[in-house]
Number of protein chains: 2
Amino acid sequence: MLKYQQIAMDIEKYIEEHQLQQGDKLPVLQTLMTQFNVSKSTITKSLDLLEKKGIVFQVRGSGIFVRRNKRKGYISLLSNQGFKESLEDFNVTSTLLALEVRKPTPEAAQNLNMPSDGDVYYVKRIRYIDGKTLCIEESFYNKSIITYLNKEIVSDSIFDYIRDGLGLKRGFSDLYLYAGMLNEEEAEYLGLFTGAPKLCVETIFHLTNGQPFDFSKVTYHYEQSQFFIQANSHLFEQETT
Amino acid sequence: MLKYQQIAMDIEKYIEEHQLQQGDKLPVLQTLMTQFNVSKSTITKSLDLLEKKGIVFQVRGSGIFVRRNKRKGYISLLSNQGFKESLEDFNVTSTLLALEVRKPTPEAAQNLNMPSDGDVYYVKRIRYIDGKTLCIEESFYNKSIITYLNKEIVSDSIFDYIRDGLGLKRGFSDLYLYAGMLNEEEAEYLGLFTGAPKLCVETIFHLTNGQPFDFSKVTYHYEQSQFFIQANSHLFEQETT
DNA sequence: GAGTGGTCTAGACCACAAA
DNA sequence: TTGTGGTCTAGACCACTCA
C-alpha cells in the first residue's frame, strides 16, 4: 500500500473513530507532516484523495475541515458500485434469476463495444433491502474478458472475483440515469402497479486500460431508493477563460 | 490562471479541436514536459485534473488516453450545476415565477444551516428546453450571505453574480436524487398528468469555507431529462485494507 | 503580519504494460 | 528490456484568511 493511501486511510479512520462532524478542523499540514514523517507533497496528496472522496475540504489560508453529509439511507452513486459496502446499516440480500451465456442485445453489444455475435454472461438479479424489493438488475459481461462465472461467484462478489480471481483491475465507469414508468413485468417484480415511477441506472464499467467489460441496467423501486452525490469545486473553477 | 489549469485547458481544447475519440493516445509525459516547458509534477497535476473531469484516463506503463462518452443529450450531474453551459447544443430558456424575500421552510433552514427566523431569497423558475418544459426549480438563498438579488441577476447567471458581484467563491455541493409521482400543481406546470413519474434533485451549494448558501430543489419532466455521471477509479481502489 | 494551504521545481526511484 | 506513468522528497515561493 502506498504511503499517501495509507495516510488517507488513517485520517479517515481517525475521523470515524472520533465522530468528527462537518466543519471540524484537522491538524495543520506542518503537524501532519511531522506526525506521519513524510514530505508536504505526500500529505497534500492524501488530503486531495480524501477531498475527492468527499471526506474533507481544504481552505487555503485557513485549514483542513471535515466534510460529512447528514442524510442517512442514501445510496452513493460514486463511491461503490458494488452495493455490499454501501448501505452498510441495512440488510441487503439478493435472488439470482438468471445466469447464462448468450448473445448480447444490440444495446449491450454497443455499450460493451463488442461484436453482436460474441458471447456475454447474462446475469439477472433482484435485490432486497430489509426484506423489501430494492431493484432489478441485469448485467452483461463480455465473455472474452470475464471468461468464467458461476453461481458462487455471482452470489458472492463479482468485483472481488474479477480482481482476485482473474487479476483484472477496474478503471472508470460511465453512469446514465433516467426516470420512467414500470412495464408489467417490472411492476410484478417490484410489487408495484404498471405505470408507477421507476428510476433506471445504466452503468458501463471499464478496466484500467479503458476496455468496457460490464454493462449493467438497474431498475429501482422508487420508494426504496434515494441517491446522493458529492461534487467538488475543482471541476467548475476556471470556467471563464 | 495557474500553469496546471492553463495546460489542462490547452490539452482539452486540443482534444476538442482535433476531434479525438475515446482511446486515442496523447503525447507521452516527457513530450508534454518539454512542449509546455514545465516540470513533471505540473504536467501530472494537469492530467489529474483532466482525469477528474472525465476527459482523459491514464494507464501506467502505457500512456494517456482520451475518455469521451458517446451519448448525447444527457445532463451532467457533476460538471455544471448552472445549466447554461451544460446542454450547449440545446436552446434552454426560463420563466421567472417568483423572486422574493421570505422566511425559509423548515427543510430549507435545516439544509442551509440557518435559523428559521432568518431571511432567504426565494426564487422559483421554470426551465424549457427547445420549447418543451424541462423542470421546475425552487431555490433558497441565505440572505445573510447573498445579500441582494433582482430580476436581472436572476435571469442572467446567479453564480456569475455571486462570484463577480459579491466576490464569493463556490466550493463543494451535495446532491440528493430520488424519483416520485407528480402532484397536481407540478403536473400542471410540466404538462403531465398527476401521478406521472418525476425525478427530483436537491442540491446544497457551499462556499469554499464550507458554509451553505443555496438550497435548490428541482423537479424534472421525466421525458426531457436524462443524466450522466463519470466515475473515476481512484475512489474505490484500496478498498480492502 | 502571522499562519496556513497551494504551486512549482529537479531529480531519484518505483511499478506496470507491451513487445 | 524498454518505455511510460506514479510516488516521494526537500525546499522555494505564492495566495489566501483571519485577527
Side-chain angles (χ1 to χ4, degrees), chain A residues 1-9 11 23 25-52 56-67 145 163 167-172 206-211 232-234 237-238, chain B residues 1-9 11 23 25-52 56-67 145 163 167-172 206-211 232-234 237-238:
Chain A
M1 165 139 301
L2 297 166
K3 276 191 188 179
Y4 81 92
Q5 291 182 332
Q6 186 60 55
I7 293 170
M9 281 184 55
I11 296 176
K25 194 167 189 281
L26 292 179
V28 301
L29 279 184
Q30 189 52 247
T31 310
L32 294 171
M33 278 170 69
T34 54
Q35 186 174 325
F36 288 103
N37 192 31
V38 291
S39 72
K40 190 175 176 180
S41 324
T42 303
I43 284 291
T44 298
K45 193 142 200 208
S46 303
L47 292 167
D48 284 349
L49 179 57
L50 289 174
E51 188 161 55
K52 216 161 32 168
V56 305
F57 62 97
Q58 302 178 71
V59 186
R60 173 183 274 193
S62 178
I64 304 150
F65 303 89
V66 173
R67 177 177 177 191
I145 302 173
R163 186 185 57 221
L168 298 173
K169 278 198 192 141
R170 277 175 68 187
F172 59 89
H206 303 76
L207 299 178
T208 43
N209 68 9
Q211 209 177 356
N232 285 316
S233 36
H234 305 277
E237 263 157 16
Q238 44 83 273
Chain B
M1 164 140 301
L2 298 166
K3 276 191 187 179
Y4 81 91
Q5 291 181 332
Q6 186 60 57
I7 292 170
M9 282 184 53
I11 295 176
K25 194 167 187 282
L26 291 179
V28 300
L29 279 183
Q30 189 51 248
T31 310
L32 294 171
M33 280 171 66
T34 54
Q35 185 175 325
F36 289 103
N37 193 30
V38 290
S39 73
K40 190 174 176 180
S41 324
T42 303
I43 284 292
T44 298
K45 193 142 200 210
S46 304
L47 292 168
D48 284 349
L49 179 57
L50 290 174
E51 188 162 55
K52 217 164 25 172
V56 305
F57 62 97
Q58 303 178 70
V59 185
R60 175 182 272 193
S62 178
I64 304 149
F65 304 89
V66 173
R67 177 176 176 191
I145 302 172
R163 186 185 58 221
L168 298 172
K169 277 196 193 148
R170 278 175 66 185
F172 58 89
H206 302 75
L207 298 177
T208 43
N209 68 7
Q211 209 178 356
N232 284 316
S233 35
H234 305 278
E237 263 158 16
Q238 45 84 272

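Chain letters run A, B, ... following the sequence lines, proteins first and then strands; every chain starts at 1.
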Give the nucleotide from the list [options] with an atom nearest to the side chain of [X].
X	options	value
Leu29(B)	dT9(C), dA10(D), dG5(D)	dG5(D)
Gln58(A)	dT9(D), dG5(C), dG6(D)	dG5(C)
Ser39(A)	dA10(D), dG5(D), dT7(C)	dA10(D)
Ser41(B)	dA10(D), dA10(C), dG5(C)	dA10(C)

When the distance from [atom1] of [X] to [atom2] of [N] is rounded to whole Å, what number comes out?
X	N	atom1	atom2	answer
Gln211(B)	dT17(D)	CD	C1'	14 Å
Ile64(A)	dG3(C)	CD1	P	17 Å
Leu26(B)	dT4(D)	CG	P	13 Å
Asp48(A)	dG5(C)	CG	P	13 Å
Asn209(B)	dA15(D)	CG	C1'	16 Å
Phe36(B)	dT9(C)	CZ	C1'	18 Å

Student check: side-chain heavy atoms of [X] and [Y] closer than 4.5 Å:
X	Y	result
Ile64(A)	Glu51(A)	no
Ile7(A)	Leu49(A)	no
Met9(B)	Met1(B)	yes
Arg67(A)	Leu50(A)	no

message: Judged by each residue's nearest nucleotide on DNA chain D, which is more toward the 5′ side, Gly61(B) or Ile43(A)?
response: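 Comparing both residues, the 5'-ward one is Gly61(B).
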For [X], answer base if it contacts any base atom (sugar-phosphate contacts may also be present), sugar-phosphate if it contacts only those atoms, and nothing otherwise; contact means non-hydrogen atoms under 4.0 Å.
X	result
Leu47(A)	nothing
Lys40(B)	base
Thr42(B)	sugar-phosphate

field: For Ser39(B), all residues meeting side chain to side chain donor-acceptor pair (under 3.5 Å), sequence neighbours excluded
entry: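 Result, side chain to side chain donor-acceptor pair (under 3.5 Å) vs Ser39(B): Thr42(B).
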task: Return the angle between end axes of the helix from dG1(C)-dC18(D) to dA18(C)-dT1(D), with five pairs used per end and rounding to 10°.
output: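 End-to-end axis angle for the helix from dG1(C)-dC18(D) to dA18(C)-dT1(D): 30°, rounded to 10°.
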task: Return the 5'-most residue of the pair Thr44(A), Ser62(A) with respect to DNA chain C, ranking by each residue's nearest nucleotide.
output: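 The 5'-side residue here is Ser62(A).
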message: Assuming nearest nucleotide by heavy-atom distance, tell me which of Lys169(A) and Val38(B) is located more 5' along DNA chain C.
response: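 That would be Val38(B).
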More than 12 heavy atoms from other groups under 6.0 Å of NZ on Lys169(B):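 No - once you tally the heavy atoms of other residues, nucleotides and ligands closer than 6.0 Å, there are 12 at most.
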